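Note that the structure is predicted; figures quoted are calculated from it, not measured. Lettering of chains follows the sequences in order, A, B, ..., and the numbering in each one begins at 1.
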There are 4 protein chains.
Amino acid sequence: MALKELKENNKEQIEDTVKDIKIAYIGGGSQGWAKRLMSDLALESKISGTVALYDINFKAALDNEKVGNLLSKHPDVKGKWHYQAVQTIQEALQGADFVIISILPGSFQAMGSDVHQPEKYGIYQSVGDTAGPGGLMRACRTIPIYADIANHIKALAPNAWVINYTNPMSLCTRTLYEIFPEIKAFGCCHEVFHTQELLAHMVTDLLEIEVKSRKEIKINVLGINHFTWINRASYKNIDLMPLYQTFVDKYYEEGYEIKKGAWRESVFESCNRVKFDLFKRYGLIAAAGDRHLAEFMPPWYLKDPETVKAWKFRLTPVDFRIQDQQEKINKNQKLLSGEEQLEVRPSGEEGVEMILALLGMGDLVTNVNLPNQGQIAGLPLGSVVETNALIRKDSVLPVMAGQLPLDIHNMVQRHVYNQESVLQAALNKDKQLAFNAFINEPLVANISRYKAEKLFNEMIENTKDYLPGWDI
Amino acid sequence: MALKELKENNKEQIEDTVKDIKIAYIGGGSQGWAKRLMSDLALESKISGTVALYDINFKAALDNEKVGNLLSKHPDVKGKWHYQAVQTIQEALQGADFVIISILPGSFQAMGSDVHQPEKYGIYQSVGDTAGPGGLMRACRTIPIYADIANHIKALAPNAWVINYTNPMSLCTRTLYEIFPEIKAFGCCHEVFHTQELLAHMVTDLLEIEVKSRKEIKINVLGINHFTWINRASYKNIDLMPLYQTFVDKYYEEGYEIKKGAWRESVFESCNRVKFDLFKRYGLIAAAGDRHLAEFMPPWYLKDPETVKAWKFRLTPVDFRIQDQQEKINKNQKLLSGEEQLEVRPSGEEGVEMILALLGMGDLVTNVNLPNQGQIAGLPLGSVVETNALIRKDSVLPVMAGQLPLDIHNMVQRHVYNQESVLQAALNKDKQLAFNAFINEPLVANISRYKAEKLFNEMIENTKDYLPGWDI
Amino acid sequence: MALKELKENNKEQIEDTVKDIKIAYIGGGSQGWAKRLMSDLALESKISGTVALYDINFKAALDNEKVGNLLSKHPDVKGKWHYQAVQTIQEALQGADFVIISILPGSFQAMGSDVHQPEKYGIYQSVGDTAGPGGLMRACRTIPIYADIANHIKALAPNAWVINYTNPMSLCTRTLYEIFPEIKAFGCCHEVFHTQELLAHMVTDLLEIEVKSRKEIKINVLGINHFTWINRASYKNIDLMPLYQTFVDKYYEEGYEIKKGAWRESVFESCNRVKFDLFKRYGLIAAAGDRHLAEFMPPWYLKDPETVKAWKFRLTPVDFRIQDQQEKINKNQKLLSGEEQLEVRPSGEEGVEMILALLGMGDLVTNVNLPNQGQIAGLPLGSVVETNALIRKDSVLPVMAGQLPLDIHNMVQRHVYNQESVLQAALNKDKQLAFNAFINEPLVANISRYKAEKLFNEMIENTKDYLPGWDI
Amino acid sequence: MALKELKENNKEQIEDTVKDIKIAYIGGGSQGWAKRLMSDLALESKISGTVALYDINFKAALDNEKVGNLLSKHPDVKGKWHYQAVQTIQEALQGADFVIISILPGSFQAMGSDVHQPEKYGIYQSVGDTAGPGGLMRACRTIPIYADIANHIKALAPNAWVINYTNPMSLCTRTLYEIFPEIKAFGCCHEVFHTQELLAHMVTDLLEIEVKSRKEIKINVLGINHFTWINRASYKNIDLMPLYQTFVDKYYEEGYEIKKGAWRESVFESCNRVKFDLFKRYGLIAAAGDRHLAEFMPPWYLKDPETVKAWKFRLTPVDFRIQDQQEKINKNQKLLSGEEQLEVRPSGEEGVEMILALLGMGDLVTNVNLPNQGQIAGLPLGSVVETNALIRKDSVLPVMAGQLPLDIHNMVQRHVYNQESVLQAALNKDKQLAFNAFINEPLVANISRYKAEKLFNEMIENTKDYLPGWDI
Ligand SMILES: [Mg+2]
Ligand SMILES: [Mg+2]
Ligand SMILES: [Mg+2]
Ligand SMILES: [Mg+2]
């Protein structure tokens with residue numbers, strides 16, 4: 001490189017800004033996640049560029065384009081981005097520096113089968129998108145989609161950083177690496193953040209110390225997405241592990257909520273009683289919402305709706321999701337018509353912070369989902385695990401998280417190998433292997449194998465449109 | 001070494017015999033295993049020496065001494081051994097070249113709790129000595145005994161080869177290595193031999209070829225004791241894996257017995273229907289008796305006595321064991337009084353062949369239980385696994401067995417980690433960890449956790465005499 | 001499979017014979033190795049079929065065809081094979097059950113550069129085909145040839161067993177697996193056999209016991225081809241390791257030869273003084289000829305021709321190889337004209353025994369070269385190592401060999417990583433990486449790096465016809 | 001814990017200070033390192049407590065006590081510490097929260113043998129404290145001292161964080177973990193910092209951008225201490241790897257110095273020509289001073305004093321060290337007499353920052369020496385490697401650094417295994433193993449083995465007072 005050219009190219013750095021970034025947004029038509037990104041981008045002045053919006057629902061992408069560009073024009077907005085809906089994934093990926101994926105695999109109807117078909121056999125799921133019979137079925141239809149996306153990224157944007165938000169998180173990320181091992185991808189989820197918030201409130205509750213931000217709660221995270229564990233937590237020089245023991249003792253029976261009564265209002269809320277119970281039994285802090293955690297365990301917390309209620313968390317009926325989606329669409333109409341403006345406030349997600357870190361604008365240590373290179377001892381290399389990582393200019397390096405205790409390790413690795421089985425089953429359209437994983441899910445293992453077979457076949461049948469090539 | 005001395009020392013080799021061997025036999029008071037060894041030693045002319053008999057029941061050891069020495073005096077007997085009962089384990093181990101361990105950990109009463117207490121909660125076990133609630137409890141009382149034996153071996157016979165016959169096989173062997181990592185120990189079990197016999201009969205049944213010996217059936221074994229799998233089997237140039245598919249198709253419904261009707265006569269027999277079912281579902285040949293295999297699975301085969309009957313195998317009530325023991329004692333009286341003579345015939349065990357191989361008298365390739373050094377890919381190093389090994393002069397080297405398919409691997413490793421938990425629980429008297437392993441047993445996971453807790457506490461209470469130091 | 005068909009197919013097994021085998025022989029035009037195989041096949045009555053002979057010198061293949069078929073017609077010959085020269089490697093491989101590869105990579109002229117160019121810089125090599133500057137150059141021209149062979153095998157005979165005899169052994173075998181990871185290949189070398197013979201003679205020398213066959217000397221082998229080590233050796237119940245200490249003490253100065261004076265007659269012979277010296281310094285038995293061992297070490301034994309003489313082994317000038325080849329060709333003329341007949345006697349190689357074992361006709365435990373799956377602890381997985389393996393019907397399974405002592409391990413792994421570098425350099429035509437490996441060879445590290453660079457470039461230049469695509 | 005007590009205990013946190021810390025300083029009598037710590041502590045107001053000073057030279061410790069306490073009394077000093085010389089290591093360690101070790105193992109006379117005895121055989125060393133014949137000898141006398149320190153820490157301060165500054169860094173740290181595997185120790189060295197400074201100057205030199213601090217240069221470090229490599233470097237959004245190529249091209253011949261001409265003034269300085277040469281050959285940025293790097297390579301840069309000069313770096317004669325030490329002592333007299341005051345300025349070391357991070361006062365990512373848990377792929381687990389780590393409240397977690405290129409990996413692992421050999425040799429007083437490591441040092445491998453033996457024996461003899469128990 002000629003020196004002159006070097007100097008020209010890097011001038012911008014003196015100003016600490018990066019321009020002309022291209023972000024490809026895959027999915028997002030379902031409104032929630034795309035809006036969050038727009039809001040976070042609007043708040044950040046250091047970076048600017050284009051966001052290409054691709055969704056299988058082109059109309060939805062066009063709406064997002066409009067909302068995004070309206071926002072950018074607003075004088076108070078610091079981050080100026082150009083939003084552009086595109087008709088093909090190729091157009092979106094071409095030249096992208098970052099790819100964000102947030103899709104709905106299949107339909108609400110398929111999700112209805114995932115969540116509610118098992119109820120006919122006495123299997124209740126609080127979410128149904130990660131573990132359990134529903135999570136498994138969802139994975140079977142998502143994996144081929146992700147294999148396809150990975151091939152496109154390999155062809156068109158092999159050097160882009162890829163951030164996944166879709167569930168099942170581990171298997172989506174795992175598929176990207178299976179198909180394109182050199183991909184620079186990782187998965188993000190906010191469940192751990194909420195646990196940090198809980199710990200921040202615990203510090204205030206027990207010590208009467210105000211904590212400025214959940215980020216001041218330092219944790220060591222290890223496990224798999226939605227079944228993640230904290231074996232070390234601190235606030236400044238205070239070790240929070242013994243404090244959490246006190247906290248659990250205090251609130252075990254009634255539970256603890258940051259916002260009192262929220263769990264009765266929202267299906268996403270809980271009183272953390274499942275989390276407290278897991279601590280009593282296993283000694284670590286489970287770092288996901290109760291609704292996720294419960295699905296990785298035997299039906300201790302999900303035996304039936306009464307049990308769920310007693311543990312003070314909620315099932316998430318797909319009807320609720322449909323209605324929620326409709327509300328978002330209505331809201332969107334108002335944004336499009338200019339009747340309302342997109343409210344700009346931090347989403348709580350870290351996508352934009354991560355992009356800044358990847359552009360060299362400050363180190364970030366946070367939890368991400370990545371193939372295991374040894375950051376969790378004893379889990380198979382290559383399986384996607386969740387730990388802290390150090391994010392810097394063009395690199396995401398896992399921080400060594402150590403080893404889980406034997407009993408938790410055993411529960412986690414059962415899911416890890418079930419996920420590996422599902423990956424192979426989905427890629428090879430292997431019904432037998434898929435069923436062997438299905439019946440090995442803790443939520444399924446409690447019914448007879450004849451019922452399990454029946455349920456499996458029904459769920460396959462219900463969603464067969466999304467399982468091309470399977471022998472159904 | 002002076003050359004002259006070298007020559008003197010090694011003269012014997014020209015004759016292919018080894019004299020003055022000392023075998024320490026720990027346990028064996030329960031009659032069965034010690035008699036088998038006596039019989040096999042009597043049939044082998046190449047080796048001779050002393051067998052020191054140690055049992056916590058000294059009277060039983062004395063009886064064995066008498067029977068053994070009577071046998072050696074008999075003119076037809078080729079292997080001449082001197083049997084001597086000793087009062088302490090130290091006397092037995094001092095100067096031993098080989099140590100054979102075959103004990104009953106605890107009492108028949110304790111075994112009664114292992115097997116029958118869970119029945120009150122609808123958990124049926126066909127053996128109750130390896131996996132399931134019974135196997136776990138038995139392990140908890142056996143591990144401290146084996147820790148003690150390991151310490152004695154370390155002090156008195158650190159170079160001796162140690163052969164274990166006691167169940168739970170994996171955990172007994174694992175404990176020896178945990179306490180004395182340099183120990184030269186391995187565990188032996190005949191379950192795989194019986195599967196070879198089944199395959200030999202299959203060859204005859206399907207191909208009308210007579211197979212001389214089960215040893216002509218070459219197999220690759222991998223897994224853990226009593227939950228072992230064969231992924232490759234051959235007879236001469238015939239690949240037996242596709243043949244087994246035909247065999248399973250032929251006999252799936254009615255089952256197959258080597259000796260027709262035997263399963264109705266003996267609790268140890270079965271019609272191999274569980275084995276056939278596992279093949280249909282998982283694609284490998286399970287290499288243990290159905291009664292063992294069933295205990296590692298969810299209660300598919302052990303739901304209740306009717307289910308067991310439908311699968312054509314048997315539960316083993318402890319009453320039966322007590323009665324069987326009494327018959328052996330009566331039989332022994334006749335041997336001691338000279339009314340009967342010990343029948344000398346090959347026991348089917350390989351202990352004596354192994355001793356010959358370890359003395360340099362011929363290579364032996366057979367399945368043994370050893371700490372994993374990588375012979376099974378993906379299982380944790382140090383956990384005790386069952387694979388083939390090459391046995392030669394003073395060495396037992398595992399043969400690389402490869403990797404289990406994902407679905408079987410997942411089931412096996414769940415038991416492996418449960419076993420590791422039980423080891424730590426037993427060594428540290430950690431009730432919580434023991435319970436976390438207990439409730440993670442596939443046979444237990446199907447009852448509610450409240451029932452599981454109740455059952456666990458009752459079983460602990462029933463056998464507390466054998467759990468010194470536990471907080472009960 | 002229908003039962004009837006099953007029975008038909010397997011009838012042959014009752015007779016313990018296998019017919020209609022196809023062996024593809026790649027190379028062999030240089031006469032030696034092909035003749036050995038013919039001789040061994042002629043001595044074995046259990047198997048028969050066709051040997052397809054492919055060599056880049058078709059005339060040589062035709063000559064071999066004639067010699068082989070003449071042999072088969074001879075009434076005393078037990079093994080009846082049809083030999084057929086073919087013009088393409090595809091014809092040879094199509095339908096092959098076994099593939100044997102034994103080629104001369106490049107020409108004698110290229111070999112002349114390998115061996116003698118370094119002498120101009122004071123680097124003497126006793127063989128020049130495995131390690132050192134010559135071994136490295138030879139590897140660079142062999143690897144693309146083996147990559148090509150691997151691709152043909154993948155396409156035409158993916159299920160065949162592939163036996164490699166070509167040097168550099170480790171890198172030839174490594175290349176096959178790099179290109180076609182599912183290949184069923186292993187490499188064979190007789191150097192370890194000769195060490196067994198030495199140990200057999202040692203037993204006679206020191207103990208006055210006759211040993212029937214080298215196979216009665218049981219050894220544990222570990223290392224890489226031609227730099228292999230024995231850490232355990234026994235004859236019957238006699239531990240040979242302390243005996244070897246006595247043997248080395250006795251013969252350290254004068255050396256020991258099985259056939260007195262042979263080393264003065266033949267470049268292939270030695271007095272084992274290098275082997276004895278390595279034992280004194282490192283404590284294990286080096287298990288290859290001195291001429292190979294010396295090339296893996298710093299120039300302790302190869303400083304100059306006088307040093308070589310003092311250690312009582314020989315350099316192998318390429319002139320000698322050319323003359324030796326001419327003699328073989330002359331000899332061949334007599335065979336072709338009928339003036340002489342191929343002498344049928346065991347070659348000492350194990351290829352035919354291995355084929356028998358792979359066909360299910362008896363287990364074989366012997367040393368082979370295979371990718372490391374953990375059979376040698378601490379060496380990188382995938383690198384080709386030499387240890388014992390258990391050969392059975394359609395399987396070659398490494399036996400766990402354990403770990404080398406730290407100091408030997410360090411010397412071995414330096415070569416292992418140099419070999420990995422050469423593999424990558426040859427596949428990617430990366431001169432810089434090739435040179436970094438070159439200068440890291442212990443025989444090269446002693447000259448200045450400027451001289452090393454000059455030498456490297458000359459050797460590349462001399463053999464550039466065999467380095468297509470390199471930037472020379 | 002009662003809530004009230006919890007609140008009391010943690011009140012201090014609101015103020016962001018930690019009081020009553022005890023630091024044990026082992027060594028430091030040689031003046032340099034202890035003064036640096038005092039200075040850094042004086043600059044930091046957030047922490048305070050006691051520093052217990054232990055040195056085998058009690059007088060030196062008393063002097064340090066006096067200097068330290070004088071400093072603390074000074075009104076401008078922010079960090080108030082009480083310094084106290086103690087007569088035993090036990091007193092120092094009792095109750096320590098942090099242990100800092102910085103000793104001189106042996107004497108200057110012994111160091112003279114390390115550095116200069118090899119010169120008689122044509123082996124020149126620029127430092128002689130890490131690799132090469134001198135580094136090895138130094139390790140042999142340091143390891144037993146560190147074994148002793150580890151035992152004391154285990155007994156008296158098992159929960160303290162231990163920071164090592166003594167060379168040979170890797171082996172000192174390795175010994176601590178070998179003796180007390182649960183120790184919380186790591187090693188610190190500033191060589192990497194200097195490379196960051198070089199890169200910062202490069203940015204200014206090539207791009208005319210001022211870099212505020214070396215800490216803005218983000219790097220990924222991997223290797224072993226003093227032979228560490230950078231495979232990724234950035235400043236903000238600028239990738240520095242291609243820039244470094246330009247930099248090396250520009251300055252390869254003349255070299256580059258931050259302070260022009262410094263290398264002629266100080267033995268510690270260089271013109272980075274070795275570093276540039278290594279980049280040209282191996283493609284990564286070597287991250288230590290040229291004087292250290294040169295010792296890990298064959299004698300390319302250290303052939304003789306002229307070669308050293310041509311590469312523009314310096315040998316460090318021990319006479320210089322003796323004189324330097326005398327100057328420090330003289331300087332110290334002035335401090336003690338009050339004639340001068342200790343100058344308080346940042347030392348450039350990170351010890352105090354690390355203590356702050358370990359106390360929960362801010363995350364720190366920096367390079368440290370720790371046992372490999374997989375942070376460098378392919379290097380043996382347990383060997384001490386240098387990579388980045390995340391330092392937080394009571395935890396130091398390595399960041400995954402990835403894998404070295406094959407050629408560098410090979411050079412690094414040769415030293416890693418040599419170090420392991422030295423560790424075992426020193427602990428077991430095994431001269432043969434020590435010599436096998438010695439002759440495998442790249443600087444030694446170039447002389448004949450007879451000379452190497454002679455040299456080894458002389459060096460052992462020269463320092464035998466520090467090798468108790470060796471068979472000399
Ligand atoms: Mg999530
Ligand atoms: Mg058994
Ligand atoms: Mg060879
Ligand atoms: Mg340093």
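- Side chains of K236(B) and D16(C) form a contact here, defined as non-hydrogen atoms less than 4.5 Å apart.
- Across every non-hydrogen atom of Q375(C) and M400(B), the tightest pair is N-CE, 3.3 Å.
- At a 4.5 Å heavy-atom cutoff, the contact between I219(B) and chain C is made by backbone atoms alone.
- Ranked by heavy-atom pairs under 4.5 Å with chain C, the list A389(B), A377(B), S395(B), G362(B) is led by S395(B).
- To the nearest 0.5 Å, the span separating CZ on R392(B) from CG on N388(C) amounts to 5.5 Å.
- Taking 4.5 Å as the limit, some side-chain heavy atom of R232(B) sits within range of a side-chain heavy atom of L397(C).
- V365(B) places a side-chain heavy atom less than 4.5 Å from the side chain of L390(C).
- D363(B) touches chain C through its side chain: at least one heavy atom from C-beta onward sits under 4.5 Å away, while N, CA, C and O do not.
- Heavy atoms closer than 4.5 Å to chain B are found in the side chain of N220(C), but not in its backbone.
- The structure places CG of D394(C) at 12.5 Å from CE of M241(B), a figure rounded to the nearest 0.5 Å.
- Contact record, V18(C) with N237(B): CG2-ND2, 3.8 Å, taken as the closest heavy-atom pair.
- Using a 4.0 Å cut-off between a side-chain N of Lys or Arg and a carboxylate O of Asp or Glu, K393(C) and D239(B) do not qualify as a salt bridge.
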